[in-house]
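Structure first, then comments.
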Amino acid sequence: MEILSILRNKVISAVELLEKQKILPSDLNKSLITIEKPKDESFGELSTNVSMVLAKDARIKPRDLAIKIVDILKKDEIISSAEIAGPGFINFRIYKKFWFKLIKQILEDGEKFGFTNIGDNKTVNIEFVSANPTGPLHVGHTRGAIFGDVLANLLESVGFIVTREYYINDAGTQIDSLARSAHSRYQEALGKNYSETENEYPGDYLKKVGQRLKDEFEETLSSIDDNSNLEKIKEYTVKIMIDEIKKDLLALGVVMDSFVFESSLYKNGKVQEAIDHLSRLGLIYRGVLEKPKGSEASDWVEREQDLFKSTLFGDDIDRPIKKIDGSWTYFAPDIAYHYDKIKRNFDEIIDIFGADHSGYTARMKAIVKALSEGKKELKIKLCQLVKLYKNGKPVKMSKRAGTYITLGDLLDEVGKDSIRFLFLMRKNDAPLDFDFSKAIDQTKDNPVFYVQYANARIFSILKRAKSLKIIVNDKTLFSTNLNKLSTDSEVSIIRKLAEWPNVIFFSVSRYEPHRVAFYLYELAQLFHSLQSLGKIDHTMKFIVEDDVQLTYARLALIRSIQIVIVSGLKILGVKPIDEML
RNA sequence: GGGCACGUAGCUCAGUUGGAUAGAGCGACGGACUUCUAAUCCGUAGGUCGGGGGUUCGAAUCCUCCCGUGCUCACCA
C-alpha cells in the first residue's frame, strides 16, 4: 500500500480509538476524510481534513478535535510532526525513510505501480465513436475515439474487463443517400453522366468507391431501376466506409472489440422485441405530444403516435418511437441496441456522445432504467466539439462542400501521439481549440514532447551510467541505500510520485482521463527542474562520479520517475520514446 | 422561448467532487549552457474565479436570479 492510503488508515484508526474511548460518538462517516498534498509545501508534506469533516457530526469544534487526533498520531512511527493549522487542518511531516519506501515500491512493482484492483473483474461496455459510415472520421469523432479508448485503458488497468464497442448506423435514409451518391460516382467512373447537384455526399472519398464499384462489378449494377442493384451498392459502399474507419482508428491506436450493426437489430427482430418488452412494462401508449414551447417548428402538426413514457424516468417529454408512416424513429433501434447491451449483462454501461447529442442523454438514460427495471444505470460522458485552427485562424469546415478535416488528414500532419496527448490536455466537457500549426511544432507549446523529453533524458542518463559500469537494473536499484537523497527537490518529487495512485483512482472513478495527462506533465516539470539543478551545482547531478552511493540513490529515484511516466503514457496510448530525434 | 453544458491571468486551460494566501502553459519582461540532451531551467509582471443574492466555521466549487457563449429542440439521423 502506498503512503497516502497508509496515512489515511492511521487517521481513521485514531478516530476509531476516540470512538472506542467514548470521546467521540460512534459510527461517524469517515468516507470524506482525505489525505492530500497541500498546495503550499510550507504547510507540511501531507495534510488531512479529518477534523473539519467530522466536526459537525461529532459536535465538537474542528480545532479541538484536531488536538485529540494529533495527540494520538504524534506517537506514530512514520510521522515526524503533526501540526494544526488554519480552520483545523492537520499538517504532517513524514520521516524520510518512509518516503524512500515509495521508491522501493515503484521499483518492485514496475509499471503496475499505482494500479489497484478496483474493477474486480467487473465487465464494462464502452460505446464510443459510433460515427455514421457515410464518410471518413473527422476531428469531432477523433476526440470521442481518444477519450473512449483511454478511458477503456484506464478501466482495464484497474481490473475491469472492458468491451470497446462501435455502433454502426447502417440503416435509414442517410445510408440510402450514401448509396445513391456512390452510384453517381460509379456512373462517373463508368464514364456516364455524373450529376453533382443530386449528390448528397459530394466529398472526393466516394470517387474511390465509384472506381472500386467499377472494378468489382463492371457495368452490372449500373442501372438502379432494379432496387436490388442499389442494395448491393449500399452493402458494398458501407463495407468500404467501415474499412476506412477501422483503418483510421487503427492508425490512431484505437482497436474496437465489437461492432454492432443497426441493420442487424431490424433483421433479428430485436427492435420489435425491445418495444414489446416496454409494452409489457406498460411504458408505451398512444398519445399526442404538445408543440414544443417556443420552438419555431412552423410545420408542426398535432398527431397521435406511439410514445415511450420517458418522463417517468427523468426525461422532459415522452418520446415517439414510430413515425407517421408507421416506420421506427431513430430512437427505436437505439432502444433495441441498449436492450441488447442490458441483456448481455455488463456490470457497467458507458456511452460517449458528442456534445451535439447532449439533447439525447436524458432519453437514453431513461430507456436503460426502464428496460432494466431500475437495475442498470447508463453512464454518459459528453465530449465537447473541437474547433480547428491553423496559425491562429479557424479552419472552416463544410460537410456539403466536402471540405472538412478528417482524422486521416490530422494523422498525416500531426501524428498519433501528439493528437492523443493534446486532445487529452482538455477535460472532456470543455470545448477544445486545436491549433494545427502548434501541434506540428515540436519545440513549443507541445506538452507531449515535454513529457517524452523527460523520459528520453532519463534513458540517456541511465545509458551513461551503464557506460560507467554502474549497474542500473531495477533489482540492483531496489536494494540500494537511499539515505543520501536529502534535498528538498528530491523528496518533493517523491511526494509527487506518491500521488500517482490517487491520480489513477480519480481518473477511473470520475471517468476523467485528462488527469493522467496533466499529472504526467507536472511530473515531467519537476524532473526537468531537478535535472537543471545539476547545471549550476555539479554535486546535484544524478551521476556524481566520486559518490557511488549518492549516484545509486539518484538513479533509483529517476528510474522510478521513468517507470511512472512510461506507464502513464501507455494508458494514454502514447508511445514512450527513448531518444528525441 | 425550453433543455443541457460552459464562463477562472492578455490567450489556451487545470483546480483531488465545500478547505488554507486560486495554479500551470503560452505570450511579455529579465536571467542561466566548456550539458547526465537548452526540445530545458530560474525569476518578475499579470485575478472582484461573468455579476448580484443565498446556504455555513469556510464557496471558483452547492442553491437562486440575471448577463454572455456553445450545443440542442415532435414527425431527421
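From a predicted model like this one, the values you see are computed outputs, not experimental measurements. In what follows, every chain begins at residue 1, and chains take the letters A, B, ... in the order their sequences are listed.
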Quiz item: B:U48 pairs with which nucleotide, Watson-Crick or G-U wobble, both distances below 3.5 Å?
Solution: none
Quiz item: Is the ring of A:Phe43 stacked on the base of B:A20, with centres less than 5.5 Å apart and planes under 30° off?
Solution: yes
Quiz item: Considering only B:C36, B:C75, B:C13, which nucleotide approaches the side chain of A:Ile543 most closely?
Solution: B:C36
Quiz item: Hey, does the side chain of A:His528 come within less than 4.0 Å of B:A32's phosphate (OP1/OP2), counting only N and O?
Solution: no
Quiz item: Quick one: which of B:A77, B:U17, B:C36 gets closest to the side chain of A:Lys541?
Solution: B:C36
Self-check item: Pairwise C1' distance, B:U21 and B:C62 [rounded to whole Å]
Solution: 23 Å
Self-check item: Euclidean distance, atom CG of residue A:Asn29 to atom P of B:U17 [Å, nearest integer]
Solution: 14 Å
Exercise. Find the distance A:Ile324:CD1 to B:C75:P and express it as a whole number of Å.
Key: 12 Å
Exercise. Check every strand shown and say whether A:Ala430 touches a base, only sugar-phosphate, or nothing at a heavy-atom separation below 4.0 Å.
Key: sugar-phosphate
Practice problem: Choose from B:A20, B:C36, B:A77 the nucleotide whose nearest atom is closest to any side-chain atom of A:His357. | Solution: B:A77
Quiz item: Can you check whether A:Lys427 has a side-chain N or O nearer than 4.0 Å to OP1 or OP2 of B:C6?
Solution: no
Exercise. Could you tell me whether the phosphate oxygens of B:C76, OP1 or OP2, come under 4.0 Å of any side-chain nitrogen or oxygen in A:Lys323?
Key: yes
Quiz item: Roughly how many Å is it from CG in A:Asp316 to P in B:G2, rounded to a whole number?
Solution: 13 Å
Exercise. Would you kindly give the NZ-to-C1' distance between A:Lys535 and B:A32, to the nearest whole Å?
Key: 10 Å
Quiz item: Between B:C36, B:C71, B:C6, which nucleotide gets closest to the side-chain atoms of A:Ile461?
Solution: B:C36
Practice problem: Determine the Euclidean distance between corresponding C1' atoms of B:A14 and B:U34; express it in Å to zero decimal places. | Solution: 40 Å
Practice problem: Please state how far atom CZ in A:Phe353 lies from atom C1' in B:C4, giving the value in whole angstrom units. | Solution: 13 Å
Quiz prompt | Residue-phosphate contact under 4.0 Å: A:Tyr521 side-chain N/O, B:C26 OP1/OP2 | solution = no
Quiz prompt | Presence of A:Thr329 side-chain N/O under 4.0 Å of B:A77 phosphate oxygens OP1/OP2 | solution = no
Self-check item: Output field: ring centroids A:Tyr450/A:Tyr521 closer than 6.0 Å
Solution: yes
Quiz item: Taking the six-membered ring where the residue is Trp, are the ring centres of A:Tyr360 and A:Tyr330 under 6.0 Å apart?
Solution: yes
Quiz prompt | Between P of B:A24 and CD of A:Gln525, the distance in whole Å | solution = 8 Å
Self-check item: Options B:C36, B:A74, B:A20, nucleotide nearest the side-chain atoms of A:Gln305
Solution: B:A74
Quiz item: What is the distance, rounded to the nearest whole Å, between atom CD1 of A:Ile175 and atom C1' of B:C76?
Solution: 14 Å
Quiz item: Between atom OH in A:Tyr360 and atom C1' in B:U72, what is the gap in whole Å?
Solution: 13 Å
Exercise. Output yes when at least one side-chain N/O atom of A:Lys381 is less than 4.0 Å from OP1 or OP2 of B:A5, else no.
Key: no
